[in-house]
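In each ligand, atom 1 is the first atom listed, and ligand 1 is the first ligand listed.
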Amino acid sequence: MNPVPQLEDLGDLDGKSVLLRADFNVPITDGRIDDDLRIRAALPTIRWLLGAGAGSITACSHLGRPKGKPDERYSMDPVRDRLSELLPDAGARTKVELAENLRFDPGEEANDPAFVDKLVAGHDVYVNDAFGAAHRAHASIVGPPRTLPSAAGRLLAKEVEVLGGLLDQPARPFVAILGGSKVSDKLGVIEALLAKVDTLLVGGGMCFTFLASLGHPVGDSLLEEDQVEACGRFLATGKVQIPEDIVALAPDGHEVRMVGTRVPNGWKGLDVGPGTAAAFGDVIGEARTIFWNGPMGVFEDARFEAGTRAVAQSCADARGFTIVGGGDSAAALAKFRLDDEIDHVSTGGGASLELLEQGDLPGLEALRGAPNGKGH
Ligand code: 3PG
Ligand code: MG
């Protein structure tokens, strides 16, 4: 991947006004932040900028999907409070401001040049530290580098180094574990990973389309008929390992039972079974590089959390280098309190998958095109 300008490439920052795009899209329930990982992850960049003498920092982010108009439920207030708690001292706090939710203006998602003008007005330089949003060609991501000297923040740089490294020279065996509900969402990334990995372990809702491609009945489990053929092709590579047992919910919605790879009529597979968890654990234990994205089952429900917990534990115990994609798998790690045992927990879900699939992101391309960038 071509390099993007780094903080050091911004030159003298003394007294300058910095526009900082962060991804502070954190989970919030009743005004309380459930997980502040994304806010803490931006602190090294903020501290670096303050240390370099920046006169002011205007941080901006989206939060949720308010669809182009102000909506109290997506106010940045909880983030603003948390940020000021986390900042080192009062002097620093007065220099850092957090703008209102970018997506309150339709210009953000539309990448409207007039909105970009509003964002950059009064700022001398732009820093993008929003890895989790760098796959969105939105105004705050791709607009400012058209005019302002720009750089990747520390978080963005680190994410790109670690995830990009998977595509370069991963230590082998390289094992990827994919879960989540839809094959159709992950077609591109499955293809990209199959070109790189030694083994791809598949669980979660999408495993049923793989099972169906082998002729197994899947009952009422998630099934994407139009992806059965693609799953057959993926299996033909010989690199894909799918579940050997399933935890299923009865048609009555109460009884839970272990089944093999054939889900009875009316039953719904909602987790991988203990045989699968053990088999996946063996493969993970042997690996030197491990990438995990997507839960193995409906882990929010205690009856269907065991498969995801087992994979999380196998990653935590692994001797290989472990990378976990953001979103649901990061949430699962946090729930099982295993996040500290992982080498790199990404702050980006969609962004990490798109980086693996495309080998680049709109936000990175934009930085390369900045006045101080190194060209495309
Ligand atoms: C995320 O949480 O995945 C990022 O913040 C991007 O948000 P989005 O999917 O709403 O664009
Ligand atoms: Mg998303």
Side-chain angles (χ1 to χ4, degrees), residues 20-29 33-43 45 59-71 73-76 78-80 82-83 98-112 115 119 127-143 152-153 155-156 158-160 162-163 178-182 184-186 188-189 204 291-295 300 323-335 339 344-358 360-366:
L20 171 68
R21 175 50 155 112
D23 183 357
F24 292 148
N25 186 24
V26 291
I28 294 181
T29 314
I33 296 173
D34 302 319
D35 178 7
D36 65 357
L37 170 70
R38 283 177 163 176
I39 305 176
R40 284 181 288 115
L43 295 177
T45 295
C60 60
S61 175
H62 72 286
L63 179 65
R65 293 178 175 171
K67 304 208 159 64
K69 49 181 187 326
D71 182 335
R73 289 171 301 167
Y74 301 107
S75 150
M76 280 290 175
V79 176
R80 190 171 293 113
R82 185 76 188 112
L83 190 59
L98 178 62
E100 197 37 282
N101 192 336
L102 290 162
R103 290 187 185 169
F104 283 180
D105 193 307
E108 166 64 357
E109 291 177 75
N111 186 15
D112 178 355
F115 185 62
L119 287 175
V127 173
N128 184 353
D129 213 17
F131 175 70
H135 60 315
R136 306 285 185 219
H138 294 170
S140 64
I141 300 287
V142 298
L155 172 64
L156 179 62
K158 172 83 181 167
E159 294 269 16
V160 170
V162 173
L163 289 155
L178 283 185
S181 42
K182 287 184 171 173
S184 52
D185 285 347
K186 296 201 169 143
V189 79
F291 172 73
W292 173 32
N293 182 283
E300 299 85 351
I323 303 173
V324 174
D328 290 339
S329 9
L333 278 177
K335 175 177 175 184
D339 31 353
H344 183 80
V345 180
S346 175
T347 53
S352 60
L353 293 180
E354 188 165 324
L355 180 59
L356 291 178
E357 180 181 337
Q358 308 287 340
D360 208 355
L361 294 172
L364 301 176
E365 238 182 288

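Residue Arg136 holds the heavy atom nearest to atom 11 (O) of ligand 1 of all those in His135, His62, Arg65, Arg136.
With a 4.0 Å cut-off on non-hydrogen atoms, Arg38 touches ligand 1 through its side chain and not its backbone. When non-hydrogen atoms are compared, ligand 1 lies under 4.0 Å from the side chain of Arg103 (C-beta onward) but not from its backbone.
Taking only nitrogen or oxygen atoms, main chain and side chain alike, His138 does not reach within less than 3.5 Å of ligand 1.
Under the rule for a side-chain contact (heavy atoms from CB on, under 4.5 Å), the partners of Ala351 that lie at least two apart in sequence or sit in another chain are Phe131, His135. Every residue meeting the side-chain contact (heavy atoms from CB on, under 4.5 Å) condition with Pro362, not counting sequence neighbours, appears here in chain and number order: Ala137, Val142, Glu354.
Taking CD of Glu159 as the start and CG of Asp23 as the end, the distance is 10.0 Å to the nearest 0.5 Å. Of the inter-residue distances, the one linking Glu109 atom CD with Arg65 atom CZ reads 8.0 Å to the nearest 0.5 angstrom.
Each of the atoms 4 (C), 5 (O) of ligand 1 lies under 4.0 Å from some heavy atom of Asp23. Using a 4.0 Å cut-off to heavy atoms of Asn25, the atoms of ligand 1 that qualify are 1 (C), 2 (O), 4 (C), 5 (O), 7 (O).
Side chains of Glu108 and Ser140: a donor-acceptor N/O pair is present below 3.5 angstrom, by distance only.
The shortest non-hydrogen separation linking Leu155 to Asp129 is N-OD1, 2.9 Å.
Under a 4.0 angstrom heavy-atom cut-off, Gly132 registers as being in contact with ligand 1.
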